[in-house]
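Below, chain A is the first sequence line, B the second, and so on; all start at residue 1. Being a predicted model, the structure only gives us computed values, none of them experimental. Below, all heavy atoms of this structure are taken into account, side chains as well, without hydrogens, waters or symmetry copies.
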Number of protein chains: 2
Amino acid sequence: MDKVFKALADSSRRKLLDRLRIRNGQMLGELCEGLSMTRQAVTKHLHILQRANLVATRWRGREKLHYLNPLPIHEIAERWIKKFEHGRLQVLADLKKNLEGDTDG
Amino acid sequence: MDKVFKALADSSRRKLLDRLRIRNGQMLGELCEGLSMTRQAVTKHLHILQRANLVATRWRGREKLHYLNPLPIHEIAERWIKKFEHGRLQVLADLKKNLEGDTDG
DNA sequence: TTGACAAGCAACCATTAGGTTGCATATTAT
DNA sequence: ATAATATGCAACCTAATGGTTGCTTGTCAA
């Protein structure tokens, strides 16, 4: 779980995931196109995404294809974010109450 | 958006949010209890959460109370994660197809 | 088989992040 | 007033992060 959060913390990596969502199965070179970063930098980002299990790869000859795995993101939504969404209105009510009602100082 | 992702990337900070979710409106000292970290470290984490708009504060005398704001988390779920959940099954189907069906090399 | 292409590996660098320590400030209770 | 409490501020340190460069390896096409 921590690896996923860490992986998602960088905007370049989120951009890479976005690209794969739009077109899955791209090779490294394709993913590098248009980015102001060296190939090596992209490689490192992709490795981090792989270690977080957000990206799976497959060789086709000399080409390495990258596939998005949205499951970890789904799990975060399910196991973590939902906790906070559940209490959303409640917490907002609390906040309002505390910021307004309690202004006695 | 980036600040929120960055803020959520650290497990200590996620823990602090958890604590506030369980009991909202805690002061610094309370949030420090039981953590193997100095008060200053916690302060820094809370500042990062504040800058990401995940935590709001309010002074009551010399005590600084901290309130959870789950809205940014909700927005991430809405604007970002849903994109990936939407295509989840599709992408998994693609992945399966590409990993199995195409094994001609 | 030679050259071009796709990617890997390793060393290095600058910046940021997480954490500590020491001291200052403001509020409360005695 | 004084002491204890609750927090802030600033400097400092180490390790991790994001990035670069140079060189090597493997694969495909001519």
Side-chain angles (χ1 to χ4, degrees), chain A residues 1-20 23-67 98 102-105, chain B residues 1-20 23-67 98 102-105:
Chain A
M1 189 95 133
D2 189 62
K3 280 185 182 177
V4 181
F5 273 109
K6 288 252 168 65
L8 295 181
D10 185 272
S11 74
S12 300
R13 289 195 286 271
R14 292 198 302 275
K15 205 164 290 176
L16 286 170
L17 291 180
D18 261 333
R19 285 189 171 208
L20 286 178
R23 191 162 70 76
N24 211 14
Q26 294 183 66
M27 48 187 260
L28 217 201
E30 292 174 311
L31 289 168
C32 289
E33 283 167 21
L35 299 183
S36 53
M37 230 188 302
T38 58
R39 178 176 53 85
Q40 287 309 318
V42 176
T43 299
K44 284 191 180 180
H45 283 308
L46 287 170
H47 279 137
I48 289 171
L49 291 169
Q50 284 173 61
R51 275 177 231 124
N53 204 29
L54 284 161
V55 160
T57 61
R58 172 174 163 256
W59 285 94
R60 183 177 63 194
R62 64 184 161 181
E63 298 174 350
K64 189 178 195 178
L65 305 181
H66 295 78
Y67 296 91
N98 276 293
D102 210 353
T103 316
D104 54 358
Chain B
M1 189 96 135
D2 190 61
K3 281 185 181 174
V4 181
F5 273 109
K6 288 250 167 69
L8 296 180
D10 186 272
S11 75
S12 300
R13 288 194 288 269
R14 293 198 301 275
K15 205 165 290 174
L16 287 170
L17 291 180
D18 263 332
R19 286 191 171 205
L20 287 179
R23 191 162 69 80
N24 211 13
Q26 293 184 67
M27 49 187 260
L28 217 201
E30 293 173 311
L31 288 169
C32 289
E33 282 167 20
L35 298 182
S36 52
M37 229 186 306
T38 58
R39 177 176 53 85
Q40 287 311 317
V42 176
T43 298
K44 284 191 180 183
H45 283 308
L46 287 171
H47 279 138
I48 289 170
L49 291 170
Q50 284 173 62
R51 275 176 232 124
N53 204 28
L54 283 160
V55 161
T57 62
R58 172 176 164 255
W59 284 95
R60 182 177 64 194
R62 64 183 163 184
E63 300 174 349
K64 191 179 194 177
L65 305 181
H66 296 77
Y67 296 91
N98 276 292
D102 210 353
T103 316
D104 55 358

K.L.:
Specify the closest pair of heavy atoms between B:Ala52 and B:Val4, including all atoms of both residues, with the distance to one decimal.
P.N.:
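Heavy-atom minimum between the residues: O-CG2, 3.7 Å.
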
K.L.:
Let me have a per-nucleotide readout for nucleotides 10-21 of chain D, 5' to 3', with B, S or -, counting only protein heavy atoms under 4.0 Å.
P.N.:
-B------SBBB

K.L.:
Expressed in angstrom and rounded to an integer, what is the separation of B:Met27 atom CE from D:dT5 atom P?
P.N.:
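Atom CE in B:Met27 sits about 11 Å away from atom P in D:dT5.
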
K.L.:
Check step by step if side-chain contact (heavy atoms from CB on, under 4.5 Å) holds for A:Lys64 and A:Thr57.
P.N.:
CA-CA 7 Å; A:Lys64 189 178 195 178; A:Thr57 61; 3.6 Å; yes

K.L.:
Could you pull out all residues at least two apart from B:Lys6 that satisfy salt bridge (charged side-chain N to carboxylate O under 4.0 Å, His left out)?
P.N.:
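Result, salt bridge (charged side-chain N to carboxylate O under 4.0 Å, His left out) vs B:Lys6: B:Asp2.
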
K.L.:
Could you run through nucleotides 25-30 of chain D and give me one letter per nucleotide, 5' to 3': B if any protein heavy atom sits under 4.0 Å from the base, S if only the sugar-phosphate is that close, - if neither?
P.N.:
-BBS--

K.L.:
Within this structure, what is the CE-CZ distance for the pair A:Met27 and A:Arg58, rounded to the nearest 0.5 Å?
P.N.:
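One gets 13.5 Å once the value is rounded to the nearest 0.5 Å.
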
K.L.:
How would you list all residue pairs meeting side-chain hydrogen bond (donor to acceptor under 3.5 Å, both in side chains) that involve residues 33-53 of chain B, not counting sequence neighbours?
P.N.:
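Qualifying pairs: B:Arg13-B:His45.
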
K.L.:
Between A:Leu17 and A:Val55, is there a side-chain heavy-atom distance shorter than 4.5 Å?
P.N.:
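When only atoms from C-beta onward are counted, A:Leu17 and A:Val55 do touch, with a gap below 4.5 Å.
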
K.L.:
Of the non-hydrogen atoms in B:Arg19 and B:Leu31, which two are nearest, and what is the gap between them?
P.N.:
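Taking every non-hydrogen atom into account, NH1-O, 3.0 Å.
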
K.L.:
In chain order, what residues pass the side chain to side chain contact (heavy atoms under 4.5 Å, CB included) check against B:Ala9, with sequence neighbours excluded?
P.N.:
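By the side chain to side chain contact (heavy atoms under 4.5 Å, CB included) rule, B:Ala9 matches A:Ala9.
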
K.L.:
With heavy atoms of chain A within less than 4.0 Å as the criterion, where does contact along DNA chain C begin and end?
P.N.:
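Listing 5' to 3', DNA chain C meets chain A from C:dA4 to C:dA11.
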
K.L.:
Mind checking whether B:Arg60 and B:Leu65 have side chains closer than 4.5 Å, heavy atoms only?
P.N.:
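Counting from C-beta outward, B:Arg60 and B:Leu65 do come under 4.5 Å.
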
K.L.:
Hey, are the side chains of A:Leu46 and A:Val42 touching, using non-hydrogen atoms and a 4.5 Å cut-off?
P.N.:
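Answer yes - side chains close enough.
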
